[in-house]
Amino acid sequence: MITQRVDENIYEVPADMKLIKVEDKILNFNMKVPARIYANEYLMERISKDKSIDQITNVACLPGIRKHVIAMSDAHQGYGFCIGGVAATDIEGGAISPGGVGYDINCGVRLLKTGLEYSEVSAQLPELTEGLFHNIPSGLGSKGKLHITPTDLNQVLDEGINWAIEKGFGYDKDREFCEDHGFTQGADSSLVSKRAKDRGIRQLGSLGSGNHFIEIQRVEEIFDDRAAKIMGIQKNQVTMMIHTGSRAMGHQVCTDSLQEIDHLMHRNGIIAPDRELGYAISGTKEADRYLAQMRAAANFAWTNRHIIMHWARETFQSVLGLEPSQMELIYGLAHNILKQEEHDLGNGMRGMVNVHRKGATRAFPPGHPDVPDKYKEIGQPVLIPGSMGTSSYLCVGQEKAMDLSFASTAHGGGREMSRSKAKRQFWGKTIKQELGKQGIVVRAASLKILAEEAPLAYKNIDEVVGVSHNLGIIKKVAKLIPIGVTKG
DNA sequence: ATGTGC
């Protein structure tokens, strides 16, 4: 396939026929729209090395696909559909693909401010980091400290953070600063399998493993004074970021749905460009079934981050005497989710589409109805965490995102190296020492995870964010650097 | 990402 550079930060594979070997036959698939990669040369070189571009051209062949399929600047290959991928399909007759959402349904990020300066916190950093690690269960297979009933779990799945706020976690005010108010409508807990519930019930309020983290940060640089002022952020202020998802609950929902959809396609004699890219047709009961389960898992993830946030606030209170209500939520968002939104579809058309964002962050521009009133004039806050030792960015959505990316942007550094390769290349203990030299306190469940998550295993976050900023999809507001990190 | 298993 030909990849053309059509702009400084835009590469494109024009719509074309795709010959794909499926089992023993060569089949002809038709890309209905172009596939685009938003990248500069540095990132394009890396994105081209794995199956990402092949995966987005597969997605471009799906039924009802609209306008263009996008690989964001942090893209790397994933199950059937690259991470850092965005695709929109017709609400009637378009494809709905669990692979386009991912296993960690509603994985996402929250950012809180403390109102404290770095100098007021630095001496207690080891104690704070240790406190977070102890108060928030972390690591593979970690279980929450909560003991909830199956009825509670169903409420979590159906109502999201409303359940948690009612139980005394966090504040009413937190709702306003969460995407979807921390409650994804249209969930149906009765459709979620017993297995998913059995795995999930003990994990509410746990961090998990992989790239999930809680990070204490210092505001290193402000790029946009007006937006920073509205968000209440200033240089040297201490912030805290939480990154986790729906744990085994979302994983099991994805596994269950992929299996159901695989069987459905087989029964109907439909072949996808990739076995991993199974889909149901939007508007059918099979698609609705996936959506209702996906939304239930999304509500689990909203609530998981909410409870973790509550315990993190308590940790700051016990170590620094900081009043929990002083740690205000700046914003909480999802970056693995499918949403039905209205978009410009090109050629003067406009309509509702299924926007798959897999490792991609929603980035609504100023004035959009779904941007909280407080941020209406600056755009939706966008949180893009880097890897363990590198910066994270606080940004805001911009108008160009509506035309270029179905109001989406990158979600993080994006791996450059597989976990196994990182483990061969790095040694956890050395990574910890190197971070220590940079003034970063690290507390992790294992040294293995530090090797897998080594900063050099990820793409350069400054480049990743720079591409979206230069395209006008988002605007940089502040750069945050880690000072205390806990990892599962 | 994930009790890293059909």
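Numbers restart at 1 for each chain; the letters A, B, ... are given by sequence-line order, proteins then strands. Just so it is clear, the values below take in all heavy atoms, side chains as well, and ignore hydrogens, waters and symmetry mates.
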Starting from P on B:dG5, measure out to CD on A:Q259 and report it in whole angstrom.
15 Å

Between atom CD1 in A:I83 and atom C1' in B:dT2, what is the gap in whole Å?
13 Å

Mind checking A:R199 for me? I need base, sugar-phosphate or nothing, with any heavy atom below 4.0 Å counting as a touch.
base

Euclidean distance, atom CD of residue A:Q252 to atom P of B:dT4 [Å, nearest integer]
12 Å

Measure the acute angle between the ring planes of A:H310 and A:F169, then classify it against the limits of 30° and 60° as parallel, tilted or perpendicular.
perpendicular

Can A:N106 and A:R295 be counted as having a side-chain donor-acceptor contact under 3.5 angstrom?
no

What is the distance, to the nearest angstrom, from the CZ atom on A:R202 to the C1' atom on B:dT2?
15 Å

Check the distance between B:dG5's P and A:Y103's OH and give it to me in whole angstrom.
11 Å

Is the closest side-chain donor-acceptor distance between A:D158 and A:S189 under 3.5 Å?
yes

If you look at every strand shown and take non-hydrogen atoms under 4.0 Å, does A:S209 touch a base, only sugar-phosphate, or nothing?
sugar-phosphate

Give a yes/no answer on whether the side chain of A:Q203 brings an N or O atom under 4.0 Å of OP1 or OP2 in B:dT2.
no

Distance col, row A:C82:SG vs A:Q77:CD, nearest 0.5 angstrom, shows 9.5 Å

Whole angstrom is fine here: how far is it from CD1 in A:I449 over to C1' in B:dT2?
12 Å

On DNA chain B, check which nucleotide each of A:K448 and A:E453 is closest to and give me the residue with the more 5' one.
A:E453

So, is the end of the A:K145 side chain (NZ or CZ) under 6.0 Å from the ring centre of A:W311 and within 45° of the ring's axis?
yes

In whole angstrom, what separates A:D104's CG from B:dT4's P?
16 Å

Counting the atoms with a prime plus P, OP1 and OP2 as sugar-phosphate, which does A:L140 contact under 4.0 Å by heavy atoms, base, sugar-phosphate, or nothing?
base

Return the value, rounded to whole Å, for the distance between atom OH of A:Y79 and atom C1' of B:dT4.
14 Å

Applying a 4.0 Å non-hydrogen cut-off, can you work out what A:G210 is touching in the nucleic acid: base, sugar-phosphate, or nothing?
sugar-phosphate

